[in-house]
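Beneath this line is the structure, given in structure tokens, with notes to follow.
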Amino acid sequence: MILFLWILGMLLSWGMTAVLFQKINLAKMLICGSSIYFCTYTVVSGLLMWVNHFSIIRTQLISIVIFAAVSAAFIFLAGRNIPKIKFKIKEYIPLAIVLTLCAFLSSKETAGYYNTDQDQGLYQIRAMYYMGGNFDNNIDFKEYYELVNPYERELFKTELSTMRGFYRLSDVDQVSPSSVAGVTHGIPTFPALLALWGTMFGLSNMNGMLTLLLLLMVANTYLISGNLGHKVITRTIASALVGICPIVMWSSKNVLTEIAVGMFLSCFYQLITESSKKKLGILAALPIVAAAFLHVTTTVFMPVVVVSFGAAYIITRRRDYVLGMVCALIGYVSGVTMMFSRFTKYTVFNYQVLFSKTNGLLTEDNFLYIVWILMILLSIVVIFIAYTPIGTKIHLSCKKVRTTKKGCKIGSIVFLSITLMVVAFFLYKGIKAYRQGCMISRLSIMGILMATGYIILPAAIIWMILLRKKIIRDKNKLILACSVLYCAFFYCGIMWVLVYYYYYYARYFTPFIFIFVLAGACLLDYFSWRIVAPVAIVCMAILIKQSVMLYKYQDSTYCSYGNIEGMASCIGEKDLVIILDQDLLFSSVFALPLDALTGADVLYARADSLDAVIAAHAGNYDNIYVALYDTGIINDESGKYRYVYKTKMETSCYERFITTVIPYPSEAVRFESPIAIMLYSPGY
């Protein structure tokens, strides 16, 4: 059913995209339509979670209705014609080759399952709950209320407390339905995407969603490059550099939100850089709203969203960009409100950086009020400007800046000054870091330099300095240049100044790597392929060299999805699973996944209390299983237990780090741990 609804939803999303574009290439329709589908799915899932009525099927059905309704409205009410779909795919053949390469690299030695101490594991666990049919925002454990032994109840709560990413509601001053109910770390709209894929194709293939998001991000980069007027070779190089960027590739293997945010932002830029004649301003708000319901990072990006919509309106005088800005603002603040109201601890924790940067001006108590007021006031102001003669005056004034000799000179001086100040700011940061004995290579801006092959970032700066007059005359290039300056200054200079080790904290750069690559490509586009091709080969060779570990080793991970599936396959809904605690944190790895996927009751015991726990519950379940590290503490020789699942899980971790440049790991090592599921069967 879910697979059928997904196929139907994708078809309708492609159809809606064709209706909105009117004339569109088949390949472009597939890329844009697929991106729009996942944006819509995320927004709908977030709204349903807000009212605690999420389910995968319900989200799919609402998305389908939206696609059908919008298509019908534009055809029958707005007078749109039946769309014309062009089947010229020659220019997309290079993109197909790039996507094939990226899919191959992303799927090699993909990271497996983590545990409750890692963000990845918590996203995976929440997705498993959705796959198991538990869609409630709060995770509760019915078996706890049936315990009468105080020791068992206390041990239950103790084990939950060892799961660092499981936040009990009673511990965070929220209205709690019980003393053990809680939520997992993170906003679960991302696990909703994972669960969609995992339900259709199996838990072991759940990471396929990450690969798909990567491919859409790369494909959108190709389309944006086309909107910028680049040659096919430039578009191909830009998309390839994004796809094989080490941190982007790492993000596509690890279950973290950054690859999804990156896809949404690339979709936004693709839509806002389309020809203004297509009137897609409102549609460009959709991926921003999706990002707002997915992760708190969107707050940091909103200023550049406002600037992009504002620049598009001022240059083109099209009011659909104003309406798009208003939709993005209201959608953003709605997403933030959902996060604060439903997943408070995680949201407040992530906003602490912003609260500290404002010296207490913004706090947990006043943030939502201030943001709602600002977004409403800003919406009123931009609507007032757009629908009064003020908008016309601003448009004409900016037109003079872009077209007259004197105006263009002033505009280019202002743009040059801003660019040089940003460059000077990072030179100051580098000198300061050197004087304080900090490795300059740990600066975030150096991470961007390395992650784009050392050539692209300087090319982007040169492009903004030398070709500034052309930039301020072109809507799309002005939006791109402003985005580069903002992301460099605010992300790399204010929010995340240092990268302590590459394959984790540098993931924060994944969502906007494509912006730097596209800016560098704007300069490369002026050269012939005889110059560009060797430069591109050098960049790609550097990036692939940096990424060798990602292709040769399994990333840092606890076990494979196969271990989880194998253990869960032995257990039924009417069974009891006892997690045997041996002070080895077995429960933090397997307790929640087994609870999520099987629906069985899960309790905890120590070695000296195992027999007593089994005796207390033996008559209440079809079967009683013991899940444990198979260290010999119990075995089948006792005559009371027999193995139903026995294997070794492979855990991998980073072994060596390179510290002379950017600190990223050069290899990973694996070690094995025996795990087992044993059936309590006395006298078998």
Side-chain angles (χ1 to χ4, degrees), residues 113 115-117 121-122 124-136 138-169 177-184 203 558-559 563-607 609-630 634 641 644-645 649 675-680:
Y113 168 68
N115 72 348
T116 58
D117 288 345
L122 295 155
Q124 292 165 322
I125 288 168
R126 176 62 83 162
M128 291 179 204
Y129 272 104
Y130 290 155
M131 292 172 62
N134 185 345
F135 298 111
D136 197 283
N138 299 329
I139 299 171
D140 206 351
F141 308 95
K142 63 184 186 302
E143 56 268 38
Y144 173 80
Y145 310 108
E146 299 172 3
L147 297 176
V148 295
N149 187 318
Y151 171 80
E152 290 186 57
R153 293 173 70 91
E154 190 60 33
L155 181 59
F156 197 107
K157 290 192 287 186
T158 299
E159 292 292 340
L160 288 182
S161 68
T162 65
M163 304 175 190
R164 294 195 299 173
F166 181 78
Y167 306 139
R168 286 193 295 171
L169 302 182
S178 80
S179 59
V180 293
V183 296
T184 53
L203 178 63
Y558 271 81
C559 65
N563 292 139
I564 303 293
E565 287 181 313
M567 297 175 76
S569 65
C570 305
I571 302 164
E573 187 175 358
K574 296 182 180 181
D575 297 333
L576 171 66
V577 181
I578 299 176
I579 304 293
L580 186 60
D581 185 355
Q582 305 170 60
D583 295 324
L584 298 173
L585 299 181
F586 185 89
S587 58
S588 71
V589 181
F590 295 107
L592 294 185
L594 292 179
D595 178 66
L597 294 173
T598 67
D601 287 354
V602 177
L603 298 178
Y604 305 89
R606 301 190 190 279
S609 64
L610 178 60
D611 291 339
V613 172
I614 291 176
H617 302 283
N620 301 328
Y621 298 94
D622 290 349
N623 299 291
I624 295 180
Y625 296 95
V626 180
L628 73 163
Y629 283 121
D630 191 19
I634 64 172
Y641 304 94
V644 293
Y645 180 80
M649 75 173 194
I675 57 175
I677 296 286
M678 302 192 75
L679 173 64
Y680 175 70

Open item on the list: Taking the ring centre of each residue, are Y113 and Y558 less than 6.0 Å apart?
Closed with: no
TODO: Please step through side chain to side chain contact (heavy atoms under 4.5 Å, CB included) for the pair N620 and L576, ending with a clear verdict.
DONE: CA-CA 9 Å; N620 301 328; L576 171 66; over 6 Å; no
- [ ] Mind checking side-chain hydrogen bond (donor to acceptor under 3.5 Å, both in side chains) for T116 and listing every partner two or more places apart, or none if nothing turns up?
- [x] none
Open item on the list: Among residues at least two apart in sequence or on other chains, which ones pass side-chain hydrogen bond (donor to acceptor under 3.5 Å, both in side chains) with N149?
Closed with: none
- [ ] Under the ring-ring contact (aromatic ring centres under 6.0 Å, His included) rule, collect the residues that match up with Y629, sequence neighbours excluded.
- [x] F586
TODO: Let me see the working for F156 and F141 under ring pair (Phe, Tyr, Trp, His ring centres under 6.0 Å), right down to the final yes or no.
DONE: CA-CA 10 Å; F156 197 107; F141 308 95; 5.7 Å; yes
Task: Residues E143 and H617: side-chain donor-acceptor under 3.5 angstrom - done: no
- [ ] Indicate the atoms forming the closest heavy-atom contact of L147 with R153, along with that distance.
- [x] O-NH1, 3.0 Å
- [ ] Tell me, please, which residues at least two apart from Y129 pass side-chain hydrogen bond (donor to acceptor under 3.5 Å, both in side chains).
- [x] D595
Task: Atom of I624, atom of A618 and distance for their closest heavy-atom approach - done: CD1-CA, 3.5 Å
TODO: For Y130 and F135, run side chain to side chain contact (heavy atoms under 4.5 Å, CB included): C-alpha distance rounded to whole Å, both residues' side-chain angles, the deciding distance at 0.1 Å, then the answer.
DONE: CA-CA 5 Å; Y130 290 155; F135 298 111; 3.6 Å; yes
- [ ] Find out whether I614 and Y641 are in side-chain contact, i.e. whether some heavy atom of one side chain is under 4.5 Å from a heavy atom of the other.
- [x] yes
Open item on the list: So, using side-chain hydrogen bond (donor to acceptor under 3.5 Å, both in side chains) as the criterion, who are the partners of Y621 when residues are at least two apart?
Closed with: D601
Open item on the list: Strictly distance-based, threshold 3.5 Å: is any side-chain N or O of R168 a donor or acceptor partner for the main-chain N or O of S161?
Closed with: no
TODO: Please report the shortest heavy-atom distance between C570 and G566, naming the atom on each side.
DONE: SG-O, 3.4 Å
Task: Min side-chain heavy-atom separation I139-F166 under 4.5 Å - done: yes
- [ ] Please check if the side chain of S609 supplies one atom and the backbone of A605 the other of a donor-acceptor pair under 3.5 Å.
- [x] no
- [ ] Locate the shortest heavy-atom distance separating L679 from N623; write the atom from each residue and the value.
- [x] CD1-CB, 3.8 Å
Task: Working for side chain to side chain contact (heavy atoms under 4.5 Å, CB included), residues I564 and M128 - done: CA-CA 10 Å; I564 303 293; M128 291 179 204; 4.2 Å; yes
- [ ] Measure the shortest side-chain to side-chain distance between L160 and Y144 over non-hydrogen atoms and say whether it is less than 4.5 angstrom.
- [x] no
Open item on the list: Within this structure, what is the OH-CG distance for the pair Y167 and L122, rounded to the nearest 0.5 Å?
Closed with: 7.5 Å
Task: Y645 side chain reached by N563 side chain, heavy atoms, under 4.5 Å - done: yes
Open item on the list: Looking at every non-hydrogen atom in both residues, tell me the closest pair between G572 and A600 and how far apart they are.
Closed with: O-CB, 3.3 Å
Open item on the list: Determine whether a donor-acceptor pair (N or O, by modelled atom type, separation under 3.5 Å) exists between the side chain of Y604 and the backbone of S587.
Closed with: no
Open item on the list: Set out, in order, the CA-CA distance, both residues' side-chain angles and the distance that settles side chain to side chain contact (heavy atoms under 4.5 Å, CB included) for M163 and L592, then state yes or no.
Closed with: CA-CA 10 Å; M163 304 175 190; L592 294 185; 3.8 Å; yes
Open item on the list: Can you give me the closest heavy-atom contact between D581 and R606, atom names plus distance?
Closed with: OD2-NH1, 3.1 Å
Open item on the list: Counting C-beta onward and ignoring hydrogens, is there a side-chain heavy-atom pair between D630 and I675 closer than 4.5 Å?
Closed with: no
Task: Pairs flagged by salt bridge (charged side-chain N to carboxylate O under 4.0 Å, His left out) wherever residues 615-624 is involved - sequence neighbours left out - done: none
